[in-house]
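In what follows, a structure is listed as structure tokens, so that the remarks can point back to it.
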Amino acid sequence: MTQELKVLEGAMNGNGLRIGIVCARFNSIFVEQLLAGAKDALLRHGVAAKDITVAWVPGSFETPLVIQRMAATGKFDALIGLGVVIQGATQHAQMINAEVSKAFSQISLAYNLPVVYGVVTTENIEQAIERSGSKAGNRGAAAAATAIEMANLLRQLPIQSRK
């Protein structure tokens with residue numbers, strides 16, 4: 001006798017979803033391409049333009065604070081942080097990336113909300129070009145798809161108190 005497994009997956013249907021995107025202005029030439037990819041993916045999958053909110057901050061390091069504020073409003077089904085951090089001669093980029101990714105994870109868990117890491121971390125400008133819309137795809141579009149899937153998956157898993 002075989003038993004059927006209950007499998008949950010998030011649908012790629014953005015109808016009715018409210019998405020917040022926080023973009024870093026530093027390296028904006030690349031971030032604007034990430035945002036264009038994210039918006040295109042969201043709209044293609046049915047998220048209404050009126051349900052997409054975009055906020056700009058100075059750099060990737062500042063994205064978690066605004067994402068946290070957006071999460072606290074309870075008005076979003078998923079949040080996306082977009083930025084580009086290019087490695088220089090110091091360890092600065094590694095520190096930024098570590099702190100931002102850790103903060104996104106903490107916010108996601110604290111608010112029970114998908115917070116998608118769409119920060120491109122590269123060793124050089126060529127890699128930034130590749131990951132923001134050329135041969136390596138667009139990380140913004142990928143982040144948007146993840147946000148839609150995760151928001152829909154969480155809708156299938158309502159929060160219930162354990163008695």
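Between the side chain of Arg139 and the backbone N or O of Leu82, no donor-acceptor pair lies under 3.5 Å. No donor-acceptor distance shorter than 3.5 angstrom exists from the side chain of Thr53 to the backbone of Gly20, with no hydrogens or angles considered.
Considering only heavy atoms from C-beta on, Leu79 stays 4.5 Å or farther from Ile21 through its side chain. Side-chain atoms of Phe30 and Arg131, non-hydrogen and from C-beta on, never get closer than 4.5 Å to each other. Looking at Glu62 and Val66, their side chains never come closer than 4.5 Å, going by heavy atoms from C-beta outward. In this structure the side chain of Pro114 reaches within 4.5 angstrom of the side chain of Leu154, judged on heavy atoms. Residues Val100 and Pro64 form a side-chain contact, since some pair of their non-hydrogen atoms from C-beta on lies under 4.5 Å apart. For the pair Trp56 and Leu35, the minimum side-chain heavy-atom distance is below 4.5 Å.
Of the charged side-chain nitrogens involved, none lies within less than 4.0 Å of a carboxylate oxygen, so that Arg18 and Asp51 do not count as a salt-bridged pair.
Hydrophobic cluster membership is shared by Ile52 and Val31, with clusters built from Ile, Leu, Val, Met, Phe, Trp and Tyr side chains linked at under 4.5 angstrom. Hydrophobic cluster membership differs between Ile80 and Met150, with clusters built from Ile, Leu, Val, Met, Phe, Trp and Tyr side chains linked at under 4.5 angstrom. One hydrophobic cluster holds both Val54 and Leu43 under the rule that ILVMFWY side chains link at heavy-atom gaps under 4.5 Å. Both Val115 and Val57 belong to a common hydrophobic cluster when Ile, Leu, Val, Met, Phe, Trp and Tyr are linked at side-chain heavy-atom distances under 4.5 angstrom. At a threshold of 4.5 Å between side-chain heavy atoms, the hydrophobic network of Ile, Leu, Val, Met, Phe, Trp and Tyr places Ile19 and Phe76 in two separate groups.
Summarising the local packing, CZ of Phe61 is surrounded by 12 or fewer heavy atoms from other residues, nucleotides or ligands at distances under 6.0 Å. No more than 12 heavy atoms of other residues, nucleotides or ligands sit less than 6.0 Å from atom CD of Glu9. At most 12 heavy atoms of other shown residues, nucleotides or ligands fall within 6.0 angstrom of atom CZ in Arg69.
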>> Between Leu17 and Ile148, is the side-chain contact (heavy atoms from CB on, under 4.5 Å) condition met? List the steps.
In response: CA-CA 8 Å; Leu17 294 180; Ile148 291 169; 4.1 Å; yes
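Ile67 CD1 to Ile107 CD1: the interatomic distance, rounded to the nearest 0.5 Å, is 6.0 Å.
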